[in-house]
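Step one of this worksheet: look at the structure below.
Order of the sequence lines sets the chain letters (A, B, ...), proteins ahead of strands, with each chain counted from 1. Since this is a predicted model, take the numbers as computed values, not measurements.
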Amino acid sequence: MTDATDADPPAPTDHIRPEPAPRTDLATAAVILAFALTVLRMAIAMPTFTDRGGDPFTAPGIVPGFYGIVLAILGIALAARSIARGALRPGGGYVASTSGFTHSSIGRLATAVAICLVFSLGLIGRMPFWLAVAVFVTSFVLLFEWQDEPTPRRIRRIATATALGVATGIAVTLVFAKLFLVRLP
Amino acid sequence: MLENLAMLGQAFAGFANGATLFNVFWATLLGIIVGALPGLTATMGVALMTTLTYTMAPSSAILILICVYVGAIYGGSRSAILLNIPGTPASACSTLDGFPLARQGQAGRAMGISTAGSWLGTLFGTMCVAVFTPTLGELSLSFGSYEFFWVAVFGIVIAGSLSGGDALKGYIAGFFGLFVATIGQETVHAYPRFAFGTVDLAGGIGLLPALVGAFGVAEVLHVMSGPAFKAVANKIDSVIPRVGDVLKYWRTILRSGGIGTFIGVLPGLGEDTAAWTSYAAARRASKEKAKYGKGSVEGLMAAETGESACVPGAIIPVLTLAVPGSAPAAVLLAAMLIHNVNPGPMLMVTTPEFVYQIVAMLVLADMMKLFFGLTLVRPLLWILLVPRERLMPIVFVLCTVGAFAITSRVFDIYVMLAFGMIGFGMRLLNFPMAPLILGLVLGDLLDKNLLRGLSLTGGDPTPFFTRPISAGLALLTLAAILWSIPGMQRRIVGLFRRGRPVAGAG
C-alpha cells in the first residue's frame, strides 16, 4: 500500500478511492455549469425591493448570484482541466481503473436504494412505526443475505432476520419515544 | 487567571454527579463504536446524536455530543489497526503503521500506542482550549462584517484546498453547500429564494437532515455497494500502553499535539489532515524513516496524537468565531445554535463559564476514552464482525428518526433522502464532503455579513480588502487558492526561499 521513501505519504482520498476518468469530469462540469447558470438566472430574476425603499445591497438575489458566478467559473475550470487531461481524446483520457464498481455492486446499490425508498416513502406513516421498522429491517437483511442453501438453514435465516427486525422496531420505538422523548415519524 | 481556574473548578464540580458520568459513559462508548465501524463516521455520529438529544437540557446534550466526537475519532483507529480499513476518514493514516504492526502479531501494542497517543493528544488540545480560547475570544471581538465574510470564504477555500484530494472539486462542493444554505426565506425581506412556491422549501433546508443524509444515508449506500471487508481476528497481545513507547517518543507526541491542535483551529481542516500532517512531520524529523509504513511505533503515535489533538483544536474557532474547525465541529456548532447557546465573539463576554464547561467535558470524555481503550478489546472486535447487511438497515432507521426528530416535518425525511443521493454521487465523483458541510454551516454567516458590509459602505467593496484583518484574511485566501493550483506551490516556495526566510503557512 505504501513504501517508506522520503516522498510525502499519499493524500487521504488516494487511500480510499481513485480519480474518475476525465470524460466523467467533463460531463460533471457540464452539469455544474448548467446548474450555476440556472442559479444565476433565477437570482437575477429575484425582486430587489428598491421600489419599496429597500437598500439595493440587501436584494435577495445578490448572494445566490455571487455563488452562481463562482460555481460557473469553477465549472469552466473543471471542464478545461478535464479537456487538458484528455477528455476529448478517444477513450476519454486515462482511467485510474480499479474503481471496484462492478456489475454486482451496481445491483447491490440499486437494491439498497429501492428498499430504503420503499421504507421512507411507502411504509412510514401507513403503519405503526415499530412495524414499519420491523418490516424494513427484516426485508433488508433477507434481500442481502439470501442465498442457495438447504431449507432448514433458510428457515433459520428467516427467523433470525425477523427477530432482528422486530427487536430493532421495538427497541428504537422504546428508546427514542420513551427515553429521549423524540417524536417518531 | 485565578478567576479562570475557579470557573474551571466550578465546571468540574457541576459535572460530578451520577447522571452526568452515566451520560459520559454511554456516549463515549457509543462514539467509539460508531468510530470503529467502517462506514459510520464521527460527523454522522454527532449529527445523528444532535437530533436524538434534541429534547435534553443543553449542557447534557452538548456533553453527549462531545463524548461521541472524542470517542469516534479514537474508535476509528481500532478498525484501522485490525482490519486495515479506517473506521473514520481521520484514521486512514493509522492504517499505514497500525495494520503492519497487527500483522506482525503486535495488534495489542498498536492499540496501546493508539490509546496513549490519542489520550495525550486530546489532553494537549484541551489545554490549548483552556489557555487560548479567552485570548482568541478577545481578538475576535474586533471582527466586523468584513472580517467574518473573509473567515467564511477562507474556511471554504482552505477546506477545499487542503482537506485532501481534488481542490477544485472541494471549492465546488463548498460553494454548492453555500448555495443550499440560501434556499428559503432570507432575513431582510423574508423573500423565499428558490422555493418554487412551496411552503416547505420556503422554510429552508434543515442543516441536520441534510447532514444526516449526506453522511448517514450516503454512507449506507456506499457501504452496501462496496466489497465486504474481512476482519483479521488474530490473537491480541496486551493493550496496556508501554511506558517506554510514550517516553521514547515524547518529542513526536508534543509536535503532533501542536500540529493537530493548530490544524484543528484552522477553519474547515479536520482530523484527517491533522493526522496526515503530523505523520509527515514526524517522518521528516525521524531517525527511523525506513520503519515508516512497515509498522513504525513513532508513525502510529504521530497519527493518533495529531488526529485526537485536532478535536479540541476544532472546537476553539467554534467558541470564539462560531466558525467550525472540522466537519464534526460544524455539526457541534449547529447543535449549540439549536440549543440557544450562542458561540462566537460575545461568548467570552456573556457566558465565559461555558468555555470551561467545554474544557471539563473534553477532559471527562478523554478519561472515559482511556478507560474504554484499556478495557474494551474483545467486545469491540465482536462489533467489528457484525455483518453490514444487519447493521446498515438499523443505521438507516436511525437516520430517518434523526431527520424527523427536530421539526417533525416529513419534508425533512425527503431532504435526508435527497442529500443521501447527492452525497453518494459526489463521493463517487471524488468530491470531498468536508467543504460541503462547511458551506452549509457558514452559508448564513457569509450571506449576512456580505450584505451588511455592502450596505454599510453603500456598495463600496474596498473595506473588504483594506481593513488590516480583512486584508490579511484575503491574502491568506488567495494564497490557499494559488497553493492548490498545480505548479504554483513550487513557485510560491521558491519566491520565499529567494527572499527572506518565512515560516510556511498551514
Between the side chains of Arg108(A) and Glu389(B), is the shortest nitrogen-to-carboxylate-oxygen separation below 4.0 Å, so that they form an ion pair? yes
Supply the atom-to-atom distance Phe431(B) CZ to Ile32(A) CD1, rounded to the nearest 0.5 angstrom. 4.0 Å
Hits for side-chain hydrogen bond (donor to acceptor under 3.5 Å, both in side chains) against Thr88(B), two or more places apart or cross-chain, chain-then-number order -> Ser91(B)
To the nearest 0.5 Å, atom CG of Leu417(B) lies from atom SG of Cys116(A) at 8.0 Å
To the nearest 0.5 Å, atom CZ of Phe144(A) lies from atom CZ of Arg390(B) at 14.0 Å
Side chain from CB out, backbone as N, CA, C, O: work out which of these in Val410(B) comes under 4.5 Å of a heavy atom of chain A, or both, or neither. neither
Sub-4.5 Å side-chain heavy-atom contact between Ile124(A) and Phe404(B): no
At a 4.5 Å cut-off on heavy atoms, which part of Ile183(B) comes close to chain A: side chain, backbone, both, or neither? neither
Side-chain contact test, heavy atoms from C-beta onward, threshold under 4.5 Å: evaluate it for Val113(A) versus Met421(B) and give yes or no. yes
Is it the side chain or the backbone of Ile172(B) that comes within 4.5 Å of chain A heavy atoms, both, or neither? both
With side chain to side chain contact (heavy atoms under 4.5 Å, CB included) as the test, pick out the partner of Pro393(B) among Leu164(A), Thr138(A), Val137(A). Val137(A)
What part of Ser408(B) gets closer than 4.5 Å to chain A, counting heavy atoms only: side chain, backbone, both or neither? side chain
What verdict does the side-chain contact (heavy atoms from CB on, under 4.5 Å) test give for Val70(A) and Tyr171(B), after you've listed the backbone C-alpha separation in whole Å, the side-chain angles of each residue and the deciding distance to 0.1 Å? CA-CA 9 Å; Val70(A) 176; Tyr171(B) 302 151; over 6 Å; no
Among the options Thr182(B), Thr53(B), Leu168(B), pick out the one with the most heavy-atom pairs lying under 4.5 Å from chain A. Leu168(B)
Leu454(B), Thr457(B), Val188(B) screened by side chain to side chain contact (heavy atoms under 4.5 Å, CB included) with Phe57(A), the one that passes: Leu454(B)
Please lay out, stage by stage, how Leu121(A) and Tyr414(B) fare under the test side-chain contact (heavy atoms from CB on, under 4.5 Å). CA-CA 8 Å; Leu121(A) 305 178; Tyr414(B) 303 153; 3.2 Å; yes
Given heavy-atom pairs under 4.5 angstrom as the criterion, report whether the side chain, backbone, both or neither of Thr160(A) touches chain B. side chain
Chain B interface, residue from Pro60(A), Gly169(A), Ala77(A) that has the most non-hydrogen pairs under 4.5 Å: Pro60(A)
Is the shortest side-chain heavy-atom distance between Tyr67(A) and Leu446(B) below 4.5 Å? yes
Please find out if less than 6.0 Å separates the ring center of Phe35(A) from that of Phe176(B). yes
If only atom types and distance count, is the side chain of Arg193(B) paired as donor or acceptor with the main-chain N or O of Gly61(A) below 3.5 Å? no
Which bit of Met224(B) comes within less than 4.5 Å of chain A, counting heavy atoms only: side chain, backbone, both or neither? both
Taking atom OG1 of Thr51(B) and atom CZ of Phe176(A), what is their separation to the nearest 0.5 Å? 8.0 Å
So what's closer than 4.5 Å to chain A heavy atoms on Leu178(B): side chain, backbone, both or neither? both
May I ask you to check whether over 12 heavy atoms, not counting those of Arg41(A), lie within 6.0 Å of atom CZ? no
Worked verdict on Phe66(A) versus Asp447(B) for side-chain contact (heavy atoms from CB on, under 4.5 Å): CA-CA 10 Å; Phe66(A) 170 61; Asp447(B) 194 338; over 6 Å; no
Any chance you could lay out the side-chain contact (heavy atoms from CB on, under 4.5 Å) test for Lys169(B) and Asp25(A), step after step, and finish with the verdict? CA-CA 10 Å; Lys169(B) 288 184 178 175; Asp25(A) 273 354; 2.7 Å; yes
Is it the backbone or the side chain of Leu143(A) that comes under 4.5 Å from a heavy atom of chain B, or both, or neither? neither
Atom pair CG (Leu74(A)) and CZ (Phe175(B)), whose distance is rounded to the nearest 0.5 Å: 7.0 Å
Heavy-atom distances under 4.5 Å only: say whether Leu450(B) touches chain A with side chain, backbone, both or neither. side chain
Specify the closest pair of heavy atoms between Thr400(B) and Phe119(A), including all atoms of both residues, with the distance to one decimal. OG1-CE2, 3.6 Å
In Å and rounded to the nearest 0.5 Å, what is the CG to OG1 distance from Leu429(B) to Thr24(A)? 7.0 Å
Ile62(A), Thr58(A), Val172(A), Thr28(A): which one forms the most heavy-atom pairs within less than 4.5 Å of chain B? Thr58(A)
